[in-house]
Protein chains: 2
Amino acid sequence: MRGRNHKKISTALNQQPCFDSAQQPLADFKVGVDNVIFSVDTTQNRLLVLLVMRQQEPFLNYWSLPGTLVRQGESLEDAAYRIMAEKIRVNNLYLEQLYTFGGPNRDPREEVSSYGVRYLSVSYFALVRFEEAELIADKVTGIAWYPVKQVPQLAFDHNEILTYGHRRLRNKLEYSPVAFEVLPETFTLNDLYQLYTTVLGENFADYSNFRARLLKLGFLCDTGIKVSRGAGRPASLYKFDAQAFAPFKDKPLVFI
Amino acid sequence: MRGRNHKKISTALNQQPCFDSAQQPLADFKVGVDNVIFSVDTTQNRLLVLLVMRQQEPFLNYWSLPGTLVRQGESLEDAAYRIMAEKIRVNNLYLEQLYTFGGPNRDPREEVSSYGVRYLSVSYFALVRFEEAELIADKVTGIAWYPVKQVPQLAFDHNEILTYGHRRLRNKLEYSPVAFEVLPETFTLNDLYQLYTTVLGENFADYSNFRARLLKLGFLCDTGIKVSRGAGRPASLYKFDAQAFAPFKDKPLVFI
DNA sequence: CCAAAAGTGTTGGCGATACACCCATGA
DNA sequence: TCATGGGTGTATCGCCAACACTTTTGG
């Protein structure tokens, strides 16, 4: 029974917590959306993240994650897509919310503003196909793919956000078919394997087992087309068959 | 194509806080924190969620997730802990950020307010030990554990948040040792098994296999103490050994 | 003694690892 | 022809589901 919950009920009342709109001053917020946009350059086996050079204070001339402030009538996700559309042209893309960073003093503007407005950042995680991604580079805005291993010091707490996004990417890759969102339409099994090693490190099965497992699952179909890359036997190009994958949807599937 | 918004990046120092570079009015936000607080009543095998009765408009007299608005100088996590502290007294607790809901028009107050202030909710997910949890019930605030299968229509989009939290709980349970945060200090293996079936349904191994697997992992230690519950052979009480679990930390461990 | 709950043991199958080996191409 | 990378096959081991069995209690 839950009988003994009544011992010390009373004295929390002086704080009168719940309806603090009258008692305690509430914080006012501007809400920003910052995107961690990854892609994988399969030709060089590098995991890349999209950075933009800041054109204004604070953190003028620092690299940062592409972000924006949320406008009136705009949902968080709308804002996330808007950033994408401003920086990059892609056909395929995977996007999901990552985390919300909202401590006080995470943005220097808070101190400048006399009204104590705080800046909160809802971060989104995106994955795009490197080959298809066309950066929208106007003259004033620096924008570039950075290898995640070489990102410099970023504006605000963006290094922390990036770290968080990177962890999420690794997890996603292990149990969901996001890999096929970043690969080109057709790819060799070695491309796929390289993608996994590039993102996850070398901590899993060797190529032949990886290959056997994936093929047995049956959602990769051989196009029959062969492609030769330098010396060695030509490889088959495969395609991801979303139809055939459907039954695995939502099942605890492991790709490692 | 989608984005044409970038064509006019303002060159002047536009410190005006209410407009972004494309001269669109920014939204102003109040930020709320809503907690999805779960516990498991092992005696009745029920998964419970903590609800509070709203004492004011909007949604007066609706049940809702315990929540609050973020105060000046307060971090999101601070706010989440503050709610906990106001509603419940616990020794052990697991808490993590869940998701941020921020579409326009998710809160009726937005329409009333003439300034177009929007209400954003950062939700947190918590797990507490039912036996230790002492509800703080003052006279004005209704507060109760509800079986998740019987939650009524809630205020705002809280049903949606709850659904999301429930999904997270199931995932957590499968690959992390959160179960031991909700169980009492010592427990029988059957308690543990019941907890899993209560939260996840019956979709996994039978008791004897569950038992064998867990014991082989070696982080459950038998206290030697026996406890008898009605008819049948008495069961051993076990303890979770955090020390012995350490090596499994961060490893892709599956508990199902 | 019987029912009920706790706990142990056995077995068959499947999947993962670690290899060894065959195939097709460029140089 | 050899080196290189693509692709196939196989033996071993461990895990896991299913289920039969033993042990210890209350009635």
Side-chain angles (χ1 to χ4, degrees), chain A residues 42-45 173-175 183-184 186-198 200-239 247-248 251-256, chain B residues 42-45 173-175 183-184 186-198 200-239 247-248 251-256:
Chain A
T42 45
T43 68
Q44 300 197 58
N45 292 331
L173 212 60
E174 285 180 7
Y175 66 80
L183 284 172
T186 66
F187 50 88
T188 70
L189 290 178
N190 211 15
D191 288 340
L192 185 60
Y193 186 65
Q194 292 306 329
L195 170 60
Y196 272 86
T197 54
T198 299
L200 297 178
E202 313 275 345
N203 318 327
F204 54 93
D206 73 356
Y207 173 63
S208 92
N209 294 319
F210 178 83
R211 176 193 172 77
R213 190 148 28 90
L214 265 290
L215 286 181
K216 188 159 35 146
L217 291 173
F219 51 75
L220 295 182
C221 60
D222 190 338
T223 63
I225 304 168
K226 303 287 182 183
V227 56
S228 202
R229 290 174 185 167
R233 178 175 174 173
S236 266
L237 287 176
Y238 284 80
K239 254 173 56 180
F248 299 96
K251 297 235 163 83
L253 185 57
V254 181
F255 283 85
I256 50 161
Chain B
T42 45
T43 68
Q44 299 197 58
N45 292 331
L173 212 60
E174 285 180 7
Y175 65 81
L183 284 173
T186 66
F187 50 88
T188 70
L189 289 179
N190 211 17
D191 288 340
L192 184 60
Y193 186 66
Q194 293 305 329
L195 170 59
Y196 272 85
T197 53
T198 299
L200 297 178
E202 314 274 345
N203 317 327
F204 53 95
D206 71 357
Y207 172 64
S208 90
N209 294 320
F210 177 85
R211 174 191 173 78
R213 189 150 28 92
L214 265 289
L215 287 180
K216 189 161 33 150
L217 292 173
F219 51 75
L220 295 181
C221 60
D222 191 337
T223 63
I225 304 167
K226 304 286 184 185
V227 57
S228 203
R229 290 175 186 167
R233 178 174 173 174
S236 266
L237 287 175
Y238 284 80
K239 254 173 57 179
F248 299 95
K251 297 237 162 82
L253 185 59
V254 180
F255 283 84
I256 50 163

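Chain A is the first sequence line, chain B the second, and so forth, proteins listed ahead of strands; every chain is numbered from 1.
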For R229(B) and dT24(D), give me the distance from atom CZ to atom C1', rounded to whole Å. 16 Å
Heavy atoms only, 4.0 Å cut-off, all strands: where does N190(B) land among base, sugar-phosphate and nothing? sugar-phosphate
In whole angstroms, how far is the P atom of dG15(C) from the CG atom of L215(A)? 15 Å
T197(B) versus Q194(B): any side-chain heavy-atom pair under 4.5 Å? yes
For R211(A), report the nucleic acid contact type (base, sugar-phosphate, nothing); a contact means any heavy atom under 4.0 Å. base
Return a single string for nucleotides 9-15 of chain D, one symbol per nucleotide in 5' to 3' order, where B is base contact, S is sugar-phosphate-only contact and - is none, cutoff 4.0 angstrom on heavy atoms. B-----S
Distances under 3.5 Å between nitrogen or oxygen atoms of protein and nucleotides 23-27 of chain C:
| from | atom 1 | to | atom 2 | distance (Å) |
| --- | --- | --- | --- | --- |
| dC23(C) | O4' | R233(A) | NH1 | 3.3 |
| dC23(C) | O2 | R233(A) | NH1 | 3.3 |
| dA24(C) | N3 | R233(A) | N | 3.4 |
| dT25(C) | O2 | G232(A) | N | 3.4 |

Contact between L200(A) and E174(A) at the side-chain level, heavy atoms closer than 4.5 Å - yes or no? yes
Rounded to whole angstroms, how far apart are CZ on F210(A) and P on dG15(C)? 17 Å
Without decimals, in angstroms, what is the distance between D191(B) CG and dA5(C) P? 14 Å
For L195(A) against L183(A), the heavy-atom pair lying closest together: CD2-CG, 3.9 Å
With sequence neighbours left out, the residues meeting side chain to side chain donor-acceptor pair (under 3.5 Å) with S236(B) are D222(B), K226(B)
Using the side chain to side chain donor-acceptor pair (under 3.5 Å) criterion, which residues pair with S208(A)? Sequence neighbours excluded. none
Is there a side-chain contact between L189(B) and L215(B) in this structure, where contact means two heavy atoms from C-beta onward sitting under 4.5 Å apart? yes
Using five base pairs at each end, measure the axis-to-axis angle across the helix from dC1(C)-dG27(D) to dA27(C)-dT1(D) and round it to 10 degrees. 10°
Any heavy-atom pair between the side chains of L214(A) and L192(A) that's under 4.5 Å? yes
Y193(A): what forms a ring-ring contact (aromatic ring centres under 6.0 Å, His included) with it, not counting sequence neighbours? F204(A), Y207(A), F210(A)
For atom OH of Y193(B) and atom P of dA5(C), their distance in whole Å: 14 Å
Please report the distance, rounded to the nearest Å, between CG in L189(A) and P in dG7(D). 6 Å
Check the phosphate of dG7(C) against Y207(B), side-chain N and O only, distance under 4.0 Å to OP1 or OP2. Yes or no? yes
Would you indicate whether the side-chain heavy atoms of R229(B) and T188(B) approach each other to under 4.5 Å? yes
Test side chain to side chain donor-acceptor pair (under 3.5 Å) applied to R233(B) - qualifying residues, sequence neighbours left out: none
Nearest whole Å is fine: how far is dA6(C) P from F187(B) CZ? 14 Å
Closest contact, heavy atoms only, F187(B) versus L220(B): CZ-CD2, 4.0 Å
Write down the distance between CG (D222(A)) and C1' (dG7(D)), rounded to a whole number of angstrom. 11 Å
